[in-house]
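Single-structure report; data block below.
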Amino acid sequence: MKQQMDKNSIDTRILEELCDAVGRENVFDDIEERVCYSFDATKERSLPDLVIKPHSTEHVSNIVSIANKNSIPICPRGAGTGLSGGSVPIRGGIVLDLKNMDRIIELNARDLTVTVEPGVVTKDLQNEAAKHKLFYPPDPGSARFSTIGGNVAECSGGATGMKYGVTRDYVLALEIVLPDGSIINTGRKTLKSVAGYDLTRFFVGSEGTLGIYTKITLKLLPMPEKLGTIVSYFDDFHDALNTSDSIQIKNRILPRSLEFMDAACLASLKEGLKAAIPEGAKSLLLIDVDGNEKNVTNTIAKIEDICRENNALKCEVAKTAEEREVLWEMIRSVPSSLFKIATMKFNDDFCVPRSKVKDILEKVYGLSRAASVKVAAFGHIGEGHINLNVMYDDGSDKEHSAHTFVSEVLKEVVSIGGTITSEHGVGDAKAEYVKLELTAQEIELMQKLKKLFDPKGIMNPGKIFV
Ligand SMILES: Cc1cc2nc3c(=O)[nH]c(=O)nc-3n(C[C@H](O)[C@H](O)[C@H](O)COP(=O)(O)OP(=O)(O)OC[C@H]3O[C@@H](n4cnc5c(N)ncnc54)[C@H](O)[C@@H]3O)c2cc1C
C-alpha cells in the first residue's frame, strides 16, 4: 500500500498545466478530497496525489496526455463500488472521477440504442429506457450507485444474466481516450458489426488498464410485458440446487433470474426484514420470470410445483410490485448484513460450470470447517455464479487463514473448469490468483497487448497482473 502523505507529490509546474487544461475548479489536491478517493468497496486503501473531475472528452484527453508526458499514473473511477480494488490508486497519481460526465446523449427508440457518457448511474439508464418501454437488462446489485463506465470496465453481470447475459452483450460502440491522449471510436451504433478485429469487446472488462471510455453506445431491448417473482425456502441447500436443475434442465424453463442464498446469509438477515423467513430455512431461491401475461402466470405456477416437489418449506409468489420489492430487498441486504457475522469480509466471486455447483459448495463448506473460517454464499446460481464471503474480525489471526482458504477454494474452482472471477474483475485484490487460471504464455500475450496500448504503463498500474 502506498505511504499516506498529506502533501501531493506532483510538481507545481505539472499541476499548473493540468489546471490550465481542465480548469482549476476541477482539480483537487487537498487531503480531504484525496481521502474520499482512496478506497472502493474492498478493504484496499491508497491515497491519490490528485483528484480531477473532467466534464468532457476533451478534458479527459488533455489530462491523459499531460500524465503520459510526465509518466504519472491515472486511475479512472466511476462510483467506487468495485469489489476488486479497481478504482483504488495503488500507485498514487491522478484519480479521474468521471461522475460529472453523466449525460444520456441520445436514446434512439427505433434503433434500440442509447449513447451515454460513462458517469451515468446504471439505475438512471434503466429508468430512462423504461420511459420508452425499453429495457437495459444488466442489473448489478449496485445498480442504484454504480456507473455505466464502471460496469463496462468490469463487464458487470447481475441478476438478469441468466436470461439476458452481461454488460459485454450490450456494448455496441465506445469512444475511448487512449493512454497517449488520442481518441478512438470502436464499433458502430448498429446491432451487428464485424469489420476488423473486435476492439470493443477487447476493451470491455479491461478494468481501466487500457484507456478511458468517454462515450458508450448500448443496445436496448423491448420491455417485457410482465414480470413474475416467487421465493422458496428449503431446509437443505441440496434441495435448492435440485430445484434449480429441475427448473432449467428437466423442465426447460429459462427464468430471468435465479438467485440463491445459503444458511449463513439467511441467518444474518433475520432481524428487521419485512420478508417472513420460515423457521428452519437454510437456503433460499428467488426466481423472476418475464414475458407475456399468460406465460408468466403459468410459468410461476409451474415453478411453485417444482419447488414443492423438491421439499420447499415455503413458497411465496409476489402479487404486487411492492411485494416483489420486499423479496428483492432481502437479496440486496445480504452484503451489508453479513457484517453482523464479522467486521471484515473478503468477497470472492467465481463461476463454475452449472453442473458443478453442488460439488464446489460441498467442497467450500468442508474446507471452511477444516480451516475454522466463517463463510456465507449467495449468487446468481442459475449461471453457476457464487459470491463467497469469507469473514473474520479485523486484526484477528484469522486473516491469514481466510487468505489461505480463498486460495484453496480458487484452486478447486479452476480444477473443475471454473473461473476465479465471473463479475467483479481482478483489480489488485485477485491479481495473485490469475496464474491459477491463465498460462504463462497467455499472461505474456496479454501483457504485450497492454504494452502496445500503454507503453509507459500509466493506465491503472498494478491491476490484473502482479
Ligand atoms: C452492494 C454491491 C453489490 C454489487 N453487485 C454486483 C453484481 O451483482 N454484479 C456485478 O457484476 N458487480 C456487482 N458489484 C460490483 C460493482 O458494483 C461493479 O463492479 C460496478 O460495475 C462498478 O462500477 P463503479 O461505477 O462503482 O466503478 P468503480 O468501482 O469506480 O470502478 C471499477 C473499475 O472500472 C474502471 N473504470 C471506471 N470508469 C471507467 C471509465 N469511464 N473508463 C475506463 N475504466 C473505468 C476503474 O478504473 C475500475 O477499474 C457490487 C458491488 C456492491 C458494493
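These figures come from a predicted structure and were not determined experimentally. Remember, it's 1-based here, ligands and their atoms both numbered in the order they're listed.
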- For ligand 1, find out whether one of its N or O atoms is nearer than 3.5 Å to an N or O atom of Pro118. no

- Message: Is it the case that ligand 1 has an N or O less than 3.5 angstrom from some N or O of Ala153?
- Response: no

- Note on the structure: for atom 27 (O) of ligand 1, nearest protein heavy atom and its distance come out as Gly150 CA, 3.5 Å

- Message: Tell me whether Gly82 has any N or O atom under 3.5 angstrom from an N or O of ligand 1.
- Response: yes

- Do Tyr433 and Phe350 have their ring centres less than 6.0 Å from each other? no

- Message: Could you check whether any heavy atom of Lys463 sits closer than 4.0 Å to an atom of ligand 1, since that is the contact criterion I want to use?
- Response: no

- In the protein, what heavy atom is nearest to atom 25 (O) of ligand 1, and what distance, to one decimal place, separates them? Thr147 OG1, 2.7 Å

- Are Gly80 and ligand 1 in contact, using a heavy-atom cut-off of under 4.0 Å? yes

- Please report which non-hydrogen protein atom sits nearest to atom 19 (O) of ligand 1, along with the residue it belongs to and the distance in Å to one decimal place. Glu154 CG, 3.4 Å

- Message: For atom 18 (C) of ligand 1, what is the closest protein heavy atom, and at what distance to 0.1 Å?
- Response: Ser156 OG, 3.6 Å

- Is the Tyr164 ring parallel, tilted or perpendicular to the Phe135 ring (thresholds 30°, 60°)? perpendicular

- Message: Taking only non-hydrogen atoms of Asp40, do any sit less than 4.0 angstrom from ligand 1?
- Response: no

- Taking atom types as modelled, is there a side-chain donor on Asp349 or Asn387 under 3.5 Å from an acceptor on the other? no

- Checking salt bridge (Lys or Arg N to Asp or Glu O under 4.0 Å) for the pair Lys43/Glu399: CA distance, chi angles, key distance, verdict? CA-CA 12 Å; Lys43 66 186 178 70; Glu399 179 161 1; 3.2 Å; yes

- Can you find an N or O of Glu423 that's nearer than 3.5 Å to an N or O of ligand 1? yes

- What is the nearest protein non-hydrogen atom to atom 11 (O) of ligand 1, stated with its residue, atom name and distance? Gly157 N, 3.0 Å

- Note on the structure: Min over Ser142, Gly85, Gly208, Pro76 of heavy-atom distance to atom 14 (N) of ligand 1 lands on Ser142

- Scan side-chain atoms only and decide if Gln126 and Asp139 contain a donor-acceptor pair under the 3.5 Å cut-off. yes

- Measure the distance from atom 53 (C) of ligand 1 to every protein heavy atom, then report the residue, atom name and distance (to 0.1 Å) of the closest one. Thr81 O, 3.6 Å

- Note on the structure: Of Gly86, Gly119, Ser84, Gly149, the residue with the heavy atom nearest atom 39 (C) of ligand 1 is Gly149

- Message: Return the closest protein heavy atom for atom 24 (P) of ligand 1 as residue, atom name and distance.
- Response: Ala79 N, 3.5 Å

- Message: Using a 3.5 Å cut-off on N or O atoms only, is Asp139 in polar contact with ligand 1?
- Response: no

- Region of Asn460 that comes within reach of ligand 1 [heavy atoms, distance under 4.0 Å]: side chain

- Check whether any side-chain heavy atom of Tyr213 lies under 4.5 Å from a side-chain heavy atom of Ser206, and answer yes or no. yes

- Message: Side chains of Thr115 and Glu106: any donor to acceptor distance under 3.5 Å?
- Response: no

- Note on the structure: Closest to atom 12 (N) of ligand 1 among protein heavy atoms sits His424 CD2, 3.5 Å

- Message: Is it the case that the side chains of Thr122 and Ser146 hold a donor-acceptor pair, with the cut-off being a distance below 3.5 Å and no angle test?
- Response: yes

- Heavy-atom proximity to atom 41 (N) of ligand 1, best of Tyr213, Phe203, Phe145: Tyr213

- Taking atom CZ of Arg332 as the centre, report whether more than 12 heavy atoms of other residues, nucleotides or ligands fall under 6.0 Å from it. yes

- Task: Decide salt bridge (Lys or Arg N to Asp or Glu O under 4.0 Å) for Asp288 and Lys163; before the verdict, give the C-alpha distance in whole Å, the side-chain angles of both, and the deciding distance to 0.1 Å.
- Result: CA-CA 10 Å; Asp288 267 4; Lys163 182 167 179 180; over 6 Å; no

- Task: Give yes or no for whether the N/O distance cutoff of 3.5 Å, strictly under, is met between Ser146 and ligand 1.
- Result: no

- Message: Is a donor from one side chain sitting under 3.5 angstrom from an acceptor on the other, for Asn460 and Thr209?
- Response: no

- Query: For atom NZ of Lys450, is the number of surrounding heavy atoms from other residues, nucleotides or ligands below 6.0 Å larger than 12?
  - Reply: yes

